[in-house]
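These numbers come from a predicted model, not from an experiment. Note that ligands are numbered from 1 as they come in the structure, with each ligand's atoms numbered from 1 the same way.
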Amino acid sequence: LNPVLLPLEWLLGAWESDQPGEGCFPSIKPFRYIESLNFSHVGQPVINFMFNAFHAETRKPMHRECGFIRMQPGTNRVAFIIAQNSGLVEIEEGELTAQRLELQSRAVARTSFAREPHVQQICRVFQLQPDGKLQQTVSMATDNKPLMQHLHIVYRRAI
Ligand code: HEM
């Protein structure tokens with residue numbers, strides 16, 4: 001592992017939702033989903049990641065995102081470079097404090113024909129729990145709704 005990434009070593013590997021995650025937003029019907037996460041590296045000061053979500057009952061593939069994680073050497077600043085299957089790309093930046101990552105979108109762009117409403121802002125938190133499980137919470141603001149929670153999910157290490 002590149003030494004720049006040592007502070008994020010706890011994230012590496014494969015994770016699977018422990019219980020189905022919960023999705024919500026004022027404009028949609030609440031839903032449940034399952035998700036697997038994979039964080040890997042090839043020796044560069046970069047983590048490669050893939051998040052694949054599926055319908056909790058039918059297992060049909062749903063939301064997918066992939067990208068890269070970088071750290072500013074010598075600091076606790078972390079950047080996620082993300083592409084989503086919905087046609088959205090984003091840069092999220094934030095800080096690592098112990099085993100908690102708090103990220104805010106700094107740039108969001110999309111395909112010209114992306115479905116409305118458009119996302120304007122995304123905030124996410126990854127937190128490693130004392131029991132070794134990983135929690136992710138995602139909030140978003142759209143054209144017509146202020147920043148509110150969209151996702152909450154807890155993962156366990158996949159074998
Ligand atoms: C709806 C964004 C992750 C499942 C939406 C909407 C937006 C959005 C903008 C439409 C809200 C509205 O109509 O007011 C995002 C972003 C994500 C994300 C930015 C990641 C950062 C996920 C994940 C799932 C998911 C992981 C898991 C399956 C859904 C579902 C709906 C929805 C089921 C409602 C039906 C639909 O509009 O397709 N999302 N989403 N989303 N999202 Fe997400």
Side-chain angles (χ1 to χ4, degrees), residues 8 10-41 46-72 76-97 99-129 132-158:
L8 284 174
W10 53 275
L11 204 53
L12 289 170
W15 300 85
E16 268 168 26
S17 42
D18 193 36
Q19 303 290 327
E22 288 161 12
C24 56
F25 207 62
S27 40
I28 65 175
K29 216 175 98 194
F31 63 94
R32 283 156 31 102
Y33 66 104
I34 55 179
E35 191 174 37
S36 42
L37 311 185
N38 191 281
F39 299 92
S40 62
H41 72 96
V46 182
I47 291 175
N48 309 288
F49 73 82
M50 297 191 65
F51 299 172
N52 295 323
F54 304 85
H55 192 277
E57 279 83 41
T58 64
R59 311 273 152 147
K60 190 181 131 206
M62 293 176 70
H63 192 267
R64 300 167 77 89
E65 26 187 330
C66 62
F68 305 96
I69 306 172
R70 306 190 63 106
M71 279 199 80
Q72 187 178 21
N76 65 343
R77 286 208 65 77
V78 178
F80 276 52
I81 300 112
I82 309 176
Q84 305 195 7
N85 62 348
S86 54
L88 192 75
V89 293
E90 42 154 345
I91 302 287
E92 291 181 20
E93 286 190 23
E95 294 191 348
L96 173 67
T97 324
Q99 288 165 332
R100 179 181 173 89
L101 256 176
E102 282 198 28
L103 303 158
Q104 304 246 13
S105 57
R106 289 180 59 104
V108 175
R110 60 186 62 78
T111 54
S112 58
F113 47 88
R115 210 164 47 157
E116 295 187 348
H118 291 164
V119 184
Q120 298 300 340
Q121 191 193 353
I122 299 166
C123 295
R124 20 181 143 201
V125 178
F126 289 95
Q127 166 94 57
L128 187 68
Q129 301 179 168
K133 291 179 180 171
L134 176 68
Q135 201 181 123
Q136 183 183 191
T137 308
V138 176
S139 304
M140 66 180 176
T142 62
D143 294 331
N144 49 32
K145 296 280 179 294
L147 190 67
M148 267 179 284
Q149 188 168 309
H150 182 37
L151 309 164
H152 179 259
I153 187 164
V154 177
Y155 313 89
R156 59 181 153 73
R157 282 215 173 264

Could you list each N/O atom of ligand 1 together with any protein N/O atom closer than 3.5 Å, one pair per line with the distance?
from     : atom 1 : to     : atom 2 : distance (Å)
ligand 1 : 14 (O) : Ser27  : OG     : 2.4
ligand 1 : 37 (O) : Arg115 : NH2    : 3.3
ligand 1 : 38 (O) : Arg115 : NH2    : 3.0
ligand 1 : 39 (N) : His150 : NE2    : 3.0
ligand 1 : 40 (N) : His150 : NE2    : 3.0
ligand 1 : 41 (N) : His150 : NE2    : 3.1
ligand 1 : 42 (N) : His150 : NE2    : 3.1

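Separating the CG atom in Leu11 from the CZ atom in Phe39 is a distance of 4.0 Å, to the nearest 0.5 Å.
One N or O on the side chain of Asn85 and one on the backbone of Arg64 form a donor-acceptor pair closer than 3.5 Å.
Shown here are the ring-ring contact (aromatic ring centres under 6.0 Å, His included) partners of Tyr33, two or more places apart in sequence or in another chain: Phe31.
In summary, Glu65 and Arg124 engage in a salt bridge, as defined by a charged side-chain N under 4.0 Å from a carboxylate O. The residues Glu22 and Arg32 are annotated as not salt-bridged, no charged nitrogen and carboxylate oxygen being separated by less than 4.0 angstrom.
If you check the side chains of Gln127 and Gln99, you find no donor sitting under 3.5 Å from an acceptor.
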